[in-house]
Amino acid sequence: MRGNDIKPAKGARHRRRRVGRGMTDGTFCGRGMNGQGARSGGGKGPGFEGGQTPWYRRLPKYRGFKNPFRTEFQVVNLGDLEARFEDGATVDAQALKERRLVSDLKAPVKVLGRGELKKKLTVTVDAVSAGAREAIEAAGGKVEVI
């Protein structure tokens with residue numbers, strides 16, 4: 001056996017039906033004689049329901065707008081800072097990455113107010129919620145927003 005002798009099994013390969021080439025090969029090939037469906041590129045688009053309001057407009061769950069340019073923050077809570085940092089420490093993106101609280105140094109970091117903070121920390125991040133800022137300053141710490 002040689003490479004040029006290899007062929008697919010009998011009946012495994014089918015000839016492509018030449019659709020809509022007039023009367024030469026299989027008349028109109030399932031497209032009918034005339035009209036939108038017989039034309040190249042003809043037919044209704046996906047989701048068309050015959051003029052009835054399509055489901056994606058009927059159901060409010062699937063409507064709306066998703067902003068592709070939104071900024072997604074990496075979230076860190078006060079409880080995480082309390083558990084992972086010692087009193088008087090400086091909290092920035094690099095320190096958070098070293099303690100595995102964030103994964104990406106390029107993505108912005110936001111501190112949220114879940115948990116309690118009793119340690120005096122200097123927090124330097126991209127964003128801080130109002131409750132978190134209040135708690136950090138109440139513990140004697142300082143907040144710097146980049």
Side-chain angles (χ1 to χ4, degrees), residues 1-21 26 28-32 34-146:
M1 179 185 272
R2 295 194 193 112
N4 64 329
D5 292 335
I6 298 171
K7 289 183 177 167
K10 193 81 174 158
R13 310 266 304 171
H14 299 274
R15 280 191 64 183
R16 181 180 68 88
R17 174 169 268 206
R18 293 185 68 232
V19 178
R21 295 292 181 273
F28 303 104
C29 296
R31 284 179 174 253
N34 284 321
Q36 187 176 23
R39 308 284 187 242
S40 159
K44 303 284 192 254
F48 183 74
E49 297 183 18
Q52 161 180 296
T53 306
W55 68 269
Y56 52 83
R57 287 183 56 204
R58 283 198 309 268
L59 301 175
K61 173 180 178 180
Y62 298 102
R63 297 187 69 178
F65 173 74
K66 204 168 199 176
N67 183 4
F69 305 107
R70 70 190 177 279
T71 49
E72 281 201 37
F73 288 95
Q74 298 180 91
V75 174
V76 179
N77 282 300
L78 290 178
D80 301 329
L81 299 180
E82 176 70 29
R84 305 273 179 97
F85 287 92
E86 55 283 339
D87 198 22
T90 302
V91 179
D92 59 359
Q94 186 64 45
L96 291 167
K97 177 143 171 89
E98 286 167 8
R99 289 162 177 81
R100 297 185 180 205
L101 289 172
V102 297
S103 56
D104 185 9
L105 285 176
K106 292 178 182 172
V109 178
K110 183 169 185 173
V111 177
L112 299 181
R114 178 178 285 175
E116 285 187 40
L117 183 68
K118 295 181 179 126
K119 296 176 182 171
K120 182 179 174 182
L121 300 174
T122 304
V123 181
T124 308
V125 289
D126 300 285
V128 182
S129 71
R133 178 185 291 271
E134 213 172 90
I136 292 167
E137 289 170 353
K142 200 165 77 170
V143 177
E144 297 170 10
V145 177
I146 301 170

#### Entry: Partner set under side chain to side chain donor-acceptor pair (under 3.5 Å) for R100, not counting sequence neighbours
none
### Task
Would you name the heavy atoms of K119 and F85 that are closest together and state the gap between them?
NZ-O, 2.6 Å
### Task
Kindly give the heavy-atom pair with the smallest separation between V102 and A93, and that separation in Å.
CG2-O, 4.0 Å
### Task
Not counting sequence neighbours, which residues clear side chain to side chain donor-acceptor pair (under 3.5 Å) with E49? List them please.
Q52, R58
### Query
For E98, which residues count as a side chain to side chain donor-acceptor pair (under 3.5 Å) partner, sequence neighbours excluded?
none
### Query
What pairs of residues pass the side chain to side chain donor-acceptor pair (under 3.5 Å) test when at least one of them lies in residues 75-86, not counting sequence neighbours?
none
### Task
Grab the two heavy atoms, one from Q74 and one from A107, that are nearest each other, plus how far apart they are.
NE2-O, 3.2 Å
Under 3.5 Å, which donor-acceptor pairs do the side chains of residues 121-138 form with other protein atoms, sequence neighbours left out?
unit_1: T124; atom_1: OG1; unit_2: E144; atom_2: OE1; d: 3.3
unit_1: D126; atom_1: OD2; unit_2: V109; atom_2: N; d: 2.8
unit_1: S129; atom_1: OG; unit_2: A132; atom_2: N; d: 3.3

### Residue list, side chain to side chain donor-acceptor pair (under 3.5 Å) with K44, at least two apart or on another chain
Q36
### Query
What distance separates L112 CG from F73 CZ, expressed to the nearest 0.5 Å?
10.0 Å
### Message
Tell me whether K97 contacts the main-chain N or O of S103 through its side chain, where contact means a donor paired with an acceptor under 3.5 Å.
### Response
yes
### Message
For the OG1 atom of T53 and the CG atom of L59, what is their distance to the nearest 0.5 Å?
### Response
11.0 Å
### Nearest heavy atoms of D92 and A95, plus distance in Å
OD1-N, 2.9 Å
